[in-house]
J.: 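Mind looking over this structure? Questions follow.
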Amino acid sequence: MEKSNMHVILSAAISIDGKISTRSNDSKLSSTKDSIRLHKLRSNVDAILIGKNTLLRDDPLLTVRHIKGKNPTRIILDSKGTISKNSKIIKTSDKIPTIIAVSKKISKTNLLKLKKFPVEIIISGETSINLKSLMKKLSTKKIETLLVEGGGTVNWEFIKNNVFDELIITLSPYLIGGKNATSLVEGIGFARIVNSPNLKLKSVKRLKNHLVINYIKV
Ligand SMILES: NC(=O)c1ccc[n+]([C@@H]2O[C@H](COP(=O)([O-])OP(=O)(O)OC[C@H]3O[C@@H](n4cnc5c(N)ncnc54)[C@H](OP(=O)(O)O)[C@@H]3O)[C@@H](O)[C@H]2O)c1
């Protein structure tokens with residue numbers, strides 16, 4: 001399959017030890033200044049994407065709030081179409097464009113339920129969502145810049161499939177630890193460092209006690 005021309009940015013706030021949430025799913029690692037930066041970035045992309053666990057645990061809105069700007073399309077990876085009508089995403093989907101990406105494994109019941117929400121449904125992949133084919137479909141909808149806001153499992157899939165261009169990490173002054181706390185990149189991981197994508201440091205910006213680090217894939 002051809003590579004889409006989409007520009008993909010992986011974005012997260014991490015602790016010094018590389019965690020994006022604690023073992024009890026506290027993920028408030030950002031600062032107010034950093035949230036303003038993130039919301040500016042959101043207003044400059046066509047779409048934001050998250051995985052199902054982030055939706056379940058954080059119940060985010062994924063809108064632009066700290067500044068004035070347009071809301072990007074929200075994309076949720078939810079293979080089996082289990083998203084709840086009580087989630088903030090569904091509750092606001094009549095106002096903000098929302099795409100639920102599902103796989104062919106979705107049950108008829110869940111598909112019918114999803115069809116009642118004011119969302120667009122994209123089916124791609126057999127059991128899990130095939131990112132490359134999803135991205136091709138998104139490209140046809142004029143989505144040219146995509147901000148991936150996690151979590152760790154989703155980040156791994158973008159890295160493993162080599163379908164990202166940039167990484168913007170906020171290094172937050174916390175040490176979390178715990179093998180059950182989610183890391184920036186989950187999944188099985190690479191066996192050798194040589195398998196890691198090559199990243200070039202583009203910029204480092206200090207926001208008081210936080211560092212915003214921008215790497216570009218080379
Ligand atoms: N600090 C931060 O910046 C930040 C940002 C985001 C999230 N988080 C934290 O990260 C944690 C969640 O991370 P997580 O790793 O558990 O889950 P996740 O990456 O949010 O979601 C993973 C789930 O997405 C679904 N999915 C469907 N297709 C997929 C595909 N092609 N690739 C990857 N996932 C796909 C899968 O569920 P199905 O098979 O059921 O579809 C999968 O289990 C939460 O605690 C959240 O608070 C922190």
Side-chain angles (χ1 to χ4, degrees), residues 1 4 8-31 34-35 37-39 41-42 48-62 74-84 87-89 99-107 110-111 113-114 121-138 146-164 167-176 178-189 207 210-214:
M1 187 173 291
S4 81
V8 179
I9 306 167
L10 304 187
S11 162
I14 67 169
S15 63
I16 292 168
D17 54 327
K19 304 292 187 188
I20 56 171
S21 66
T22 68
R23 62 185 159 85
S24 60
N25 287 313
D26 184 358
S27 61
K28 304 264 176 302
L29 285 155
S30 210
S31 63
D34 188 51
S35 297
R37 174 203 60 83
L38 176 65
H39 283 232
L41 177 60
R42 282 182 177 177
I48 307 182
L49 178 148
I50 60 161
K52 188 190 81 177
N53 296 348
T54 297
L55 176 106
L56 277 176
R57 290 171 195 166
D58 298 351
D59 193 20
L61 259 176
L62 304 180
R74 304 169 304 180
I75 303 166
I76 314 296
L77 299 186
D78 181 12
S79 311
K80 300 177 207 83
T82 57
I83 189 166
S84 158
S87 62
K88 287 181 185 157
I89 294 282
I99 294 174
I100 311 294
V102 301
S103 73
K104 289 179 188 160
K105 211 187 170 187
I106 186 170
S107 67
N110 282 358
L111 191 57
K113 183 194 75 180
L114 277 190
I121 302 161
I122 298 185
I123 304 178
S124 87
E126 297 299 323
T127 52
S128 187
I129 293 147
N130 182 316
L131 286 186
K132 287 185 182 169
S133 92
L134 172 66
M135 286 165 72
K136 279 207 83 180
K137 287 175 184 165
L138 294 174
L146 178 68
L147 185 64
V148 177
E149 290 198 30
T153 308
V154 164
N155 290 341
W156 165 245
E157 289 295 321
F158 274 84
I159 293 165
K160 182 185 75 178
N161 286 294
N162 197 22
V163 283
F164 76 103
L167 188 64
I168 303 178
I169 296 300
T170 296
L171 189 66
S172 306
Y174 303 109
L175 293 163
I176 291 175
K179 54 182 185 291
N180 293 325
T182 311
S183 296
L184 173 65
V185 186
E186 287 287 328
I188 191 169
L207 294 177
H210 293 66
L211 285 182
V212 183
I213 309 170
N214 187 181

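In this text the structure is predicted, and so the values were computed from the model without any measurement. Whatever order the structure lists ligands and atoms in, that order sets their numbers, starting from 1.
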J.: Hey, are D17 and S15 close enough side-chain-wise for a donor-acceptor pair under 3.5 Å?
T.: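 Result is yes, a qualifying pair exists.
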
J.: Report the member of R57, K52, K28 with the shortest heavy-atom distance to atom 40 (O) of ligand 1.
T.: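 Ranked by closest heavy atom to atom 40 (O) of ligand 1, first place is K52.
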
J.: Give the residue, atom name and distance (to 0.1 Å) of the protein heavy atom nearest atom 43 (O) of ligand 1.
T.: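 For atom 43 (O) of ligand 1, the nearest protein heavy atom comes out as N53 ND2, 3.9 Å.
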
J.: Is there at least one pair of N or O atoms, one from D58 and one from ligand 1, spaced under 3.5 Å apart?
T.: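 Among all N and O atoms of D58, at least one is under 3.5 Å from an N or O of ligand 1.
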
J.: Atoms of ligand 1 less than 4.0 Å from V154 heavy atoms?
T.: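 So the atoms of ligand 1 that pass are 19 (O), 33 (C), 34 (N).
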
J.: Please name the pair of heavy atoms, one in T182 and one in G152, separated by the smallest distance, quoted to 0.1 Å.
T.: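 For T182 versus G152, the nearest heavy atoms are CG2-N, 4.1 Å.
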
J.: Quick check on contacts: which atoms of ligand 1 are under 4.0 angstrom from a heavy atom of A12?
T.: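 Checking each atom against A12, I get 3 (O).
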
J.: Have a look at T127, L29, T54 and point out the one with the heavy atom closest to atom 7 (C) of ligand 1.
T.: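 Shortest heavy-atom distance from atom 7 (C) of ligand 1: T54.
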
J.: Name the closest protein heavy atom to atom 18 (P) of ligand 1, giving the residue it belongs to and the distance to 0.1 Å.
T.: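 Result: G151 N, 3.5 Å.
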
J.: Can you tell me how far CG of L77 sits from CG of N53, rounded to the nearest 0.5 angstrom?
T.: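 One finds 10.5 Å between CG of N53 and CG of L77.
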
J.: Within the 4.5 Å heavy-atom criterion, are I83 and I89 side-chain neighbours or not?
T.: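 With C-beta onward as the side chain, the pair touches.
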
J.: Can you check whether G152 has an N/O within less than 3.5 Å of an N/O in ligand 1?
T.: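 Yes - when backbone and side-chain N and O of G152 are compared with those of ligand 1, one distance drops under 3.5 Å.
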
J.: Return yes if some donor-acceptor pair links the side-chain N/O of N110 with the main-chain N/O of K80 below 3.5 Å, else return no.
T.: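 Answer holds: yes.
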
J.: Who's closest to atom 48 (C) of ligand 1 heavy-atom-wise, of T22, I20, D59?
T.: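 Comparing heavy atoms across T22, I20, D59, the nearest one to atom 48 (C) of ligand 1 lies in I20.
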
J.: Going by the atom numbers of ligand 1, which of them fall below 4.0 Å from some non-hydrogen atom of I129?
T.: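 Matching atoms, with element in brackets: 27 (C), 28 (N), 31 (N).
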
J.: Got a donor-acceptor contact below 3.5 angstrom from the S103 side chain to the T127 backbone?
T.: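 Side chain of S103 to backbone of T127: a pair is present.
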
J.: Quick one: look up the protein heavy atom nearest atom 35 (C) of ligand 1 and list residue, atom name and how far away it is.
T.: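 Result: L77 CD1, 4.0 Å.
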
J.: With a cut-off of 4.0 Å, which atoms of ligand 1 are near a heavy atom of K80?
T.: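 Answer, ordered by atom number: 39 (O), 40 (O).
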
J.: Using a strict cut-off of 4.0 Å, indicate which atoms of ligand 1 neighbour a heavy atom of T182.
T.: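 Counting from 1, the qualifying ligand atoms are 11 (C), 13 (O), 15 (O).
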
J.: Might you point out which heavy atoms bring K132 and N161 nearest each other, and give the distance in Å?
T.: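 For K132 versus N161, the nearest heavy atoms are CE-O, 3.5 Å.
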
J.: Side chains of D26 and T22: do they bring a donor and an acceptor to under 3.5 Å?
T.: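 Side-chain D/A pair, D26 to T22: absent.
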
J.: Going by the closest heavy atom to atom 14 (P) of ligand 1, which one wins out of L56, T153, N25, I106?
T.: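 Heavy atom nearest to atom 14 (P) of ligand 1 belongs to T153.
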
J.: Report the nearest protein non-hydrogen atom to atom 32 (N) of ligand 1: residue, atom name, distance rounded to 0.1 Å.
T.: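 Closest protein heavy atom to atom 32 (N) of ligand 1: E157 CG, 2.9 Å.
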
J.: Among all the protein's non-hydrogen atoms, which is closest to atom 2 (C) of ligand 1, and how far away is it?
T.: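 Among all protein heavy atoms, the one nearest atom 2 (C) of ligand 1 is A13 O, 3.6 Å.
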
J.: Does any N or O in the side chain of T153 come within less than 3.5 Å of the main-chain N or O of E186, such that one atom is a donor and the other an acceptor?
T.: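 It does not hold such a pair.
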
J.: For ligand 1, which atoms, with element, lie under 4.0 Å from some heavy atom of S128?
T.: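 Counting atoms of ligand 1 from 1, those under 4.0 Å from S128 are 28 (N), 29 (C), 30 (C), 31 (N).
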
J.: Between D78 and A101, is there a donor-acceptor pair closer than 3.5 Å when you use the side chain of the first and the backbone of the second?
T.: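 Not at all, since once roles are kept as given, no pair shorter than 3.5 Å links the two residues.
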
J.: Within the supplied structure, the quantity of interest is the number of heavy atoms (other residues, nucleotides, ligands) at a distance under 6.0 Å from K137 NZ; does it exceed 12?
T.: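 Counting other residues, nucleotides and ligands, NZ of K137 exceeds 12 neighbours.
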
J.: Could you find the nearest protein heavy atom to atom 5 (C) of ligand 1 and give me its residue, atom name and distance?
T.: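 Answer, as residue, atom name and distance: E149 O, 3.4 Å.
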
J.: Applying salt bridge (Lys or Arg N to Asp or Glu O under 4.0 Å), name anything that partners K160, two or more places apart in sequence or on another chain.
T.: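 Here the qualifying residues are E157.
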
J.: For D78, take its heavy atoms, then give the atoms of ligand 1 lying under 4.0 Å from any of them.
T.: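 Per the distance check, 41 (O).
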
J.: What is the closest protein heavy atom to atom 38 (P) of ligand 1, and at what distance does it sit?
T.: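 Sorting protein heavy atoms by distance from atom 38 (P) of ligand 1 puts S79 OG, 3.6 Å first.
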
